[in-house]
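To start, the structure under review is shown below, and the notes come after it.
Counting starts at 1 for both ligands and their atoms, in listed order.
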Amino acid sequence: MCPMINPDRFLSNLHHLRSFGAAGVGRGVVRPAYSEADIAARRWLAGQFRQAGLTARVDAMGNVFGLAEGPSLLLGSHSDSQPEGGWLDGALGIIAGLEIARSSRENGGPQVSVASFQDEEGRFGVTTGSSVWSGQLSDARACTLLDHTGVQLSDAREAMADMVTGRVDPGQFTGFIEMHIEQGPVLDASGDAIGVVTGIVGIRDMNITFEGQQNHAGTTPMHLRRDAFQAVSAFNTLLNDRLRNVVTPQTVWTIGHIALHPNASSIVPGKATFSMQWRDADTDRLTRMEQVIRDAAVDIATRHRMTFTHGPLLGLDPVVMDGRLRAALSDAAGHVVPGRWREMPSGALHDTTNVSRLMPAAMLFVPSINGVSHAFEEDTREEDLVTGLRVLARAVSTL
Ligand code: HGY
Ligand code: MN
Ligand code: MN
Ligand code: MN
């Protein structure tokens, strides 16, 4: 009941993973899916899985697994990062899984496997690697996805083709648990050490393009312009106004990426392509928001004499966590940090959403200092990282 884990080995491996794509000492990482740093990290992880006595396997998407023999519980997360990412987002769940799988083998504990899913951070889509592994997205469709610079996924993943061993059968896993940083302010503010996740919100993501007329920024009178930036700006204002009737205080929406063409100070931009992402715990609300977004884009296109086109609508529906795994995490948290844990929903997306389509799945959170994530400053106190590891190890030992 008291699993022998090695916190020093866990922290040392976590810091080693941080060295791949490190953005500077004590800062975050630049390790987007299929980048050189990402692939180097995946090679290192496969080596670590082998050293732990697991069988390393890599599927065509670049998801890396360390497999125990026979039926096993799967632990893990993702080792790719945002273009400017924190060092713990994803990394924590894999290295915690590695430590628990290794210590379990050393001490005759339960069979534990580990996974690092590919492109959770959505260089190409939304949790792309686990979407394909879980059958939510076909490999053929994934291959056609483009990143913001026009690189196609099928070309990007060639860079790790030499590592691929083949598909990993999900049928061998009895369940999945993902440990993750909270990436929000709730635990940091409350002083709780652990969050046991109740469910994960749903998400929709679509690229929108407004195209007008590129022209001279000195000679073109304002009333004759078909300025794509002005259209985006007006769209944003109109959308915020119209969404007010549809959303709850928990609903979020973001324009996080925009490409203006040709992006020069003396040219009225002829074309703007931007990401439109929205998240909510209610699938119907996500659909109503989609209609508001489409209508607003059509209205703005008409007013500003633009053409409006959009890319594929990507997304994942909200999910609830498995009751039995959740109870094991709650019991373990109650034992390790009595009175200092809470149940909470996840506003961030995770591979668990996809994996929960295949098997019982659950998540636990540790605090993020000041609630910061998807930024180089992201961090968690060492003590909280180790507490999370202890809670997860204890839960695994009871399953
Ligand atoms: O954006 C997300 O929620 C995830 O971390 N990719
Ligand atoms: Mn993550
Ligand atoms: Mn993330
Ligand atoms: Mn000129």
Answer yes or no: is there an ion pair linking [X] with [Y], defined by an N-O contact shorter than 4.0 Å?
X	Y	value
D38	R43	no
R167	D139	no
R342	E182	no
R381	D188	yes
E343	R326	yes

H78 NE2 and D89 OD1 subtending at the Mn ion (ligand 2) (10° steps) = 100°
Run through ligand 1 for me and note each protein residue having a heavy atom under 4.0 Å from it, chain first, then residue number.
-> E120, E121, R279, A348, L349, H374
Does V355 offer a backbone N or O that forms a donor-acceptor pair with the side chain of S134 under 3.5 Å?
-> no
By atom name, which N, O or S atom of E121 is the nearest to the Mn ion (ligand 3)?
-> OE2
Which of the N/O/S atoms in H374 sits closest to the Mn ion (ligand 3)?
-> NE2
Kindly indicate whether the side chain of F176, heavy atoms from C-beta on, has any atom under 4.5 Å from the side chain of M363.
-> no
Name each donor-acceptor pair under 3.5 Å that joins a side chain in residues 306-314 to protein atoms two or more places apart or in another chain, with its distance.
{"residue": "H310", "atom": "NE2", "partner": "R294", "partner atom": "NH1", "Å": "2.9"}

Whether E120 has an N, O or S atom under 2.8 Å from the Mn ion (ligand 3) | no
